[in-house]
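From a predicted model like this one, the values you see are computed outputs, not experimental measurements. Letters go in sequence order (proteins before strands), and every chain restarts at 1.
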Amino acid sequence: MTETLPPRTVDLPAQWNPGEVEGVLYERWVERGYFEADNTSDRPPFCIVIPPPNVTGSLHLGHAMDHTLIDILTRRRRMQGYDALWLPGMDHAGIATQNVVERRLAAEGRSRHDLGREAFVEEVWAWKAESGGAILGQMRRLGDGVDWTRERFTLDEGLSRAVQTIFKRLYDDDLIYRAERIINWCPRCRTALSDIEVDHHDDEGELVSIRYGDGEDSVVVATTRVETMLGDTAVAVHPDDERYAHLVGREIELPIVGRKIPVVADEHVDPAFGTGAVKVTPAHDPNDFEIGRRHDLPMPSIMDEAAVISGSGTRFDGMDRFAAREAVREELRAQGRIVAEKRPYVHAVGHCSRCDTVVEPRLSLQWFVRVEPLAKAAGDAVRDGRVTIHPKELEKRFFDWVDNMHDWTISRQLWWGHRIPVWYGPDGEVVCVGPDEEPPTGEGWRQDEDVLDTWFSSGLWPISTLGWPDKTKDLERYYPTSVLVTGYDILFFWVVRMMMFGLYAMDGAPPFEHVFLHGLIRDQHGKKMSKSRGNTIDPLDLIDRYGADALRFTIARGSNPGADMALSEEWVAGSRNFGTKLWNATRLALSNGASPDLPLPAEADRTDADRWILGRLAEVVQQTDALLEDFQFAKATEGLYHFTWDELCDWYLELAKVQLRDERTADGTRAVLGHVLDVLLRLLHPIIPFITEALWTALTGRESVVVAPWPTDAGAPADPAANGRLADVQKLVTEVRRFRTEQGLPDSRRVAAKVEGLAGAGLGDPGPGGAAAALRALARLDDPGEGFAPTATLDVLLSGGRVHVEIDTSGAIDVAAERARLGRDLAAARKELEQADKKLANPKFLEKAPADVVENVRTRREAAVAEIERVTARLAALPEA
RNA sequence: GGGCGCGUAGCUCAGCGGGAGAGCACUCGGCUUACACCCGAGCGGUCGCAGGUUCGAUCCCUGCCGCGCCCACCA
């Protein structure tokens with residue numbers, strides 16, 4: 001037995017006040033340099049790319065999720081001895097940013113065109129500095145260890161250089177080209193969009209069939225976009241379509257416009273759809289454009305950049321496209337050319353993903369990335385295992401996308417972003433300027449007006465933040481980065497782009513080894529959060545009211561790989577409650593002198609409860625470690641939650657109270673408690689850093705749990721015999737409690753009881769760690785005294801045998817309640833018996849099922865039989881109601 | 001139109017071949033010297049429907065119904 005140490009004096013307030021403490025702890029960690037990486041270190045590197053928050057005004061739950069999960073991974077790695085580096089990012093060129101400023105201007109009745117390019121860019125910078133700084137400051141409240149200083153995220157100069165470098169390389173490799181193509185055009189943003197920035201959803205439109213030409217030379221075509229007929233330059237039919245064979249090669253007259261247009265034969269036309277004839281508007285439809293190219297058709301554009309009819313040479317010039325649609329249709333109707341109409345006609349229409357304006361396919365001169373070789377490299381990196389996607393189910397989506405990706409439109413007709421580094425000379429010269437080259441000067445030279453897609457620069461994040469294109473120490477040490485954590489919704493936008501550029505720029509080395517894709521946070525009913533629905537939750541508000549740890553714990557606990565999570569305030573409150581529970585458990589332990597510095601009792605001196613909790617601890621350590629390694633945040637968190645609450649607090653602490661009151665076991669219990677809490681707090685630290693810091697430092701007196709080692713080997717191997725006895729004690733206690741409740745005995749009232757059969761059931765230990773002591777304390781029983789007159793008896797079947805409890809309830813027992821309770825037990829046992837009998841009566845089951853399964857059923861049957869016997873006897877012994 | 005996923009307790013979700021689980025909500029009883037942000041006990045489910053495979057199916061297969069997401073140039 002170890003010598004008794006005086007209880008440690010502790011300074012733990014009765015209450016945990018996250019609002020007061022979290023910020024202070026965070027500042028302390030920063031001051032002590034815990035979050036700083038050291039590229040000269042010989043520790044293994046752990047580098048993580050942080051998704052740039054979209055600057056739209058405030059922190060939202062998506063960011064909170066990214067940062068919480070990233071911080072969990074990183075804190076664990078630090079504890080494991082890694083040299084961890086964050087690559088925090090800001091979205092530099094984002095359309096969202098520009099949109100915010102444009103909206104602000106619009107509110108004042110102005111537009112960017114009133115300001116001019118330079119003033120507008122200034123405006124955006126100002127806004128970005130203000131809001132971006134604010135957002136990043138808000139991030140700190142989550143406790144992530146990111147150095148969010150201005151210098152860190154404003155890598156404008158470096159990023160510009162990286163952008164220019166990669167552009168030039170791709171251009172020289174013929175992987176960037178400029179061409180006139182049909183692209184997605186947003187008439188409101190007045191810019192080109194890539195495919196991915198277009199959302200398709202079903203809209204109610206109309207399908208109008210129009211007769212072109214007259215008499216023999218007439219054909220009926222159907223369209224959902226009547227107004228585009230002003231730009232028609234042909235009618236196409238399938239080459240094998242006999243109905244129209246006679247028309248191919250002839251010309252028919254286009255109504256309204258009066259132009260003669262040819263009928264061409266093209267494989268693209270589906271003879272089974274509609275009339276089998278299709279109008280061809282090469283400048284306003286991607287398919288028609290292809291047909292136009294194959295047949296060398298003219299491609300007149302009949303709309304301007306705001307989607308207003310223009311240059312058609314008709315009276316419709318100057319009308320908006322939708323107004324023109326009606327006007328043209330009515331004109332055709334007046335001419336008797338409308339053959340049929342279907343309205344509403346529901347069909348998919350593309351919308352600008354940012355402003356929801358209906359996208360207009362538009363023929364224009366744009367810059368493109370020739371995606372095929374880059375996308376193939378990205379696909380191969382996953383196929384050959386250089387990059388792993390978690391969860392694996394999302395791999396297919398990744399491959400489908402990467403293997404079928406169209407060329408990427410990278411030019412944007414916006415003012416905020418990286419300018420395309422191409423200069424045009426007075427005689428048609430085109431010069432792509434590299435980062436260390438001087439752009440040509442002189443009369444008539446001008447730079448391309450367009451800027452690059454935001455994802456072009458964002459795609460460079462893992463390399464540009466490490467100093468690329470220079471061969472820096474950071475790049476050498478931290479590339480490829482370890483993990484990318486982000487929502488599955490930007491897999492294609494961002495992840496794929498980073499992979500394409502990273503692999504290209506770094507000669508086949510991918511930008512990260514693992515991609516972990518988390519789900520989206522939804523409201524309590526699983527609905528998408530949106531301002532219009534009014535179901536948005538402000539993470540800062542939650543942090544204010546419940547603490548950052550509570551929000552982090554909630555996010556971790558709900559974060560099943562690839563699945564969305566429903567978040568409600570109740571969940572956050574529940575997490576806060578967990579923190580409080582942990583706090584109070586530690587307070588109890590400390591006030592009883594628990595410490596991890598005390599030596600664990602020798603094997604032989606351990607009580608069953610000690611053995612059980614130490615065994616469970618070892619399992620929890622092993623399990624938590626494995627789950628976090630596999631990005632299973634929810635399971636890891638859930639496991640810790642149940643261990644802490646259901647096992648440690650509900651059972652071990654209650655049993656420990658008994659052990660602490662007895663000299664023989666007090667010191668051992670202090671040691672076990674101290675040990676278990678020490679390890680548990682370290683396991684929980686990545687998830688809830690603040691409260692664990694406060695508790696762990698109080699418990700251990702050491703510097704900080706941030707730099708404490710991650711537990712790998714703790715507790716003790718499981719002791720099945722002790723576990724079995726403890727399970728019996730738990731069952732015994734629960735049965736007595738159940739009986740008490742049914743009999744309406746308040747918990748506060750201790751009742752006298754005589755317990756027999758403990759020794760026979762293997763629970764004969766009379767000491768503080770034994771069943772009798774536990775039963776007295778946890779089931780609130782007193783030893784029988786003078787004049788003990790039992791009024792009720794209770795039999796409990798345990799694995800080791802039957803225990804008989806006689807209880808003095810000081811009065812008649814509630815027979816009806818007792819009958820009801822026993823009745824439920826009997827029903828359950830009979831059902832169990834029935835199921836077991838059914839199986840055992842089946843010869844095929846006995847023949848084919850594995851031996852252990854059969855054995856298990858037999859055991860259960862025996863238990864059921866014994867239970868029925870026990871309950872029946874009890875029922876018979878009860879007085880008549 | 002193609003692909004993926006989901007339908008398990010009132011709600012949100014785990015479990016995914018052999019005894020139906022958690023949190024919240026609900027009912028009853030308790031301020032038992034860590035904790036009422038708590039403790040104890042309990043109620044609650046033909047595991048979407050119909051077939052099939054199997055000794056055995058919530059779990060595997062097929063079909064259907066309902067829901068969601070992603071992708072898509074069919075007028």
Side-chain N or O of A/His406 closer than 4.0 Å to phosphate OP1/OP2 of B/rC73: yes

Separation of atom CD in A/Glu569 from atom C1' in B/rC37, rounded to whole Å: 13 Å

Rounded distance (Å) that lies between atom C1' of B/rC71 and atom CD1 of A/Ile196: 10 Å

Sugar-phosphate only, base, or nothing, as touched by A/Thr734 at under 4.0 Å among non-hydrogen atoms: sugar-phosphate

Under-4.0 Å salt bridge between A/Arg294 and A/Asp266: yes

Length of the CG-P vector between A/Asn584 and B/rA36, whole Å: 7 Å

Aromatic plane relationship, A/Trp583 with A/Trp16 - under 30° parallel, 30 to 60° tilted, over 60° perpendicular: tilted

Touch class at under 4.0 angstrom, heavy-atom based, for A/Ala585 against every strand present: base

Short side-chain N/O contact from A/Arg738 to OP1 or OP2 of B/rG42, under 4.0 Å: yes

A/Asn592 backbone acceptor or donor facing A/Arg670 side chain under 3.5 Å: yes

Sugar-phosphate, base or nothing in reach of A/Leu653, heavy atoms under 4.0 Å: base

Spacing between A/Asp202 atom CG and B/rG68 atom C1', to the nearest angstrom: 15 Å

Cationic N near anionic O, under 4.0 Å, A/Glu834 to A/Arg861: no

Sugar-phosphate, base or nothing in reach of A/Asp564, heavy atoms under 4.0 Å: nothing

Separation of atom CG in A/Leu778 from atom C1' in B/rG30, rounded to whole Å: 15 Å

Ion pair A/Glu654/A/Lys657, N-O distance below 4.0 Å: yes

A/Asp199 and A/Ser353 side chains, donor-acceptor separation under 3.5 Å: no

Lys/Arg N to Asp/Glu carboxylate O, A/Glu360 vs A/Arg362, below 4.0 Å: no

Integer angstrom distance from the P of B/rC28 to that of B/rC61: 45 Å

Modelled atom types, side-chain donor and acceptor of A/Ser799 and A/Lys731, under 3.5 Å: no

Stretch residues 270-283 of chain A: residues that reach within less than 4.0 Å of RNA chain B through a heavy atom: A/Asp270, A/Phe273, A/Val278

Contact under 4.0 Å: A/Trp645 side-chain N or O vs B/rC39 OP1/OP2: yes

Over-ring placement of A/Arg557 relative to A/Tyr641, 6.0 Å and 45° cut-offs: yes

Side-chain N,O (A/Lys657) to OP1/OP2 (B/rU32) below 4.0 Å: no

Between the protein and nucleotides 16-23 of chain B, which nitrogen or oxygen pairs come in under 3.5 angstrom?
{"residue": "B/rG18", "atom": "O2'", "partner": "A/Lys839", "partner atom": "NZ", "Å": "3.1"}
{"residue": "B/rG19", "atom": "OP1", "partner": "A/Arg860", "partner atom": "NH1", "Å": "3.2"}
{"residue": "B/rG19", "atom": "N3", "partner": "A/Arg860", "partner atom": "NE", "Å": "3.2"}
{"residue": "B/rA22", "atom": "O2'", "partner": "A/Glu638", "partner atom": "OE2", "Å": "3.3"}
{"residue": "B/rA22", "atom": "O2'", "partner": "A/His642", "partner atom": "NE2", "Å": "3.3"}

Secondary structure of RNA chain B in dot-bracket form (Watson-Crick or G-U wobble, distances below 3.5 Å, | marking inter-strand pairs): ((((((((.[[[[.)..(..]]]].(((((.......))))).....[[[[[..)....]]]]])))))))....

Nucleotide B/rC69, atom P - distance to CZ of A/Arg397 in whole Å: 11 Å

Cation-aromatic face contact A/Arg737/A/Trp651, 6.0 Å, 45 degrees: yes

From CD (A/Glu855) to CZ (A/Arg860), nearest 0.5 Å: 12.0 Å

Whole-Å distance separating the CG atom of A/Asp489 from the C1' atom of B/rG68: 15 Å

Whole-angstrom distance between B/rC49 and B/rC6, as gauged at atom C1': 16 Å

Passing candidate, salt bridge (charged side-chain N to carboxylate O under 4.0 Å, His left out) with A/Glu227, options A/Arg329, A/Arg321, A/Arg325: A/Arg325

A/Tyr488 OH - B/rC69 C1' separation (whole Å): 6 Å

